[in-house]
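Because the structure is predicted, anything quoted here is derived from the model rather than measured. Values below: all heavy atoms of this structure, side chains included; hydrogens, waters and symmetry mates excluded.
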Amino acid sequence: FTLGKYIKEDKILIGITHSGRTISCSEVENMIGLFINTVPCSINFNKELTVVENMQQLQKDMVEVLANSFIGLHRIQKIVTGTNTSLFDV
């Protein structure tokens with residue numbers, strides 16, 4: 001809420017790093033690597049709501065986002081494009 005007020009925007013997009021440890025992965029203790037994802041978090045500030053109501057809405061939105069945070073980029077590309085075509089121009 002403070003960030004939105006500071007930059008004078010009603011909508012901001014930030015990245016949230018998530019461990020992804022809610023999914024069971026057999027023998028994960030024997031694996032080496034960094035098991036994290038950065039998921040987008042779109043925050044919409046509604047000026048008609050109180051700060052508490054805005055935070056409650058954000059919490060509900062984050063529950064939905066984190067429920068799907070385990071989906072890899074290759075799967076997202078296939079869902080969006082119908083193929084394995086890149087989503088980004090590089």
Side-chain angles (χ1 to χ4, degrees):
F1 188 77
T2 303
L3 179 60
K5 288 269 190 196
Y6 181 74
I7 63 173
K8 297 180 178 143
E9 292 288 337
D10 294 335
K11 190 179 215 180
I12 61 171
L13 183 67
I14 59 173
I16 296 179
T17 303
H18 177 63
S19 69
R21 290 187 177 90
T22 55
I23 8 177
S24 64
C25 185
S26 62
E27 299 192 33
V28 71
E29 64 275 0
N30 296 324
M31 297 178 188
I32 297 174
L34 190 59
F35 296 97
I36 61 172
N37 276 336
T38 300
V39 294
C41 176
S42 178
I43 303 171
N44 300 305
F45 300 107
N46 185 337
K47 292 177 182 171
E48 296 176 7
L49 300 178
T50 66
V51 173
V52 171
E53 290 170 327
N54 272 295
M55 294 299 108
Q56 288 171 335
Q57 184 60 49
L58 176 59
Q59 184 179 21
K60 288 177 190 174
D61 293 346
M62 286 309 303
V63 167
E64 288 182 33
V65 167
L66 295 179
N68 296 300
S69 65
F70 62 91
I71 298 174
L73 180 59
H74 67 284
R75 178 110 195 276
I76 293 169
Q77 287 177 193
K78 191 165 189 168
I79 291 168
V80 172
T81 66
T83 66
N84 287 327
T85 306
S86 178
L87 292 173
F88 309 102
D89 294 329
V90 287

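- Separating the CG atom in Leu49 from the CD atom in Gln57 is a distance of 8.0 Å, to the nearest 0.5 Å.
- Among residues two or more places apart in sequence or in another chain, the salt bridge (Lys or Arg N to Asp or Glu O under 4.0 Å) test is passed with Lys47 by Asp10.
- Expressed to the nearest 0.5 Å, how far CD of Glu64 lies from CE of Met62 amounts to 10.5 Å.
- Between Ile43 and the options Asn54, Ile12, Asp61, a side chain to side chain contact (heavy atoms under 4.5 Å, CB included) holds for only Ile12.
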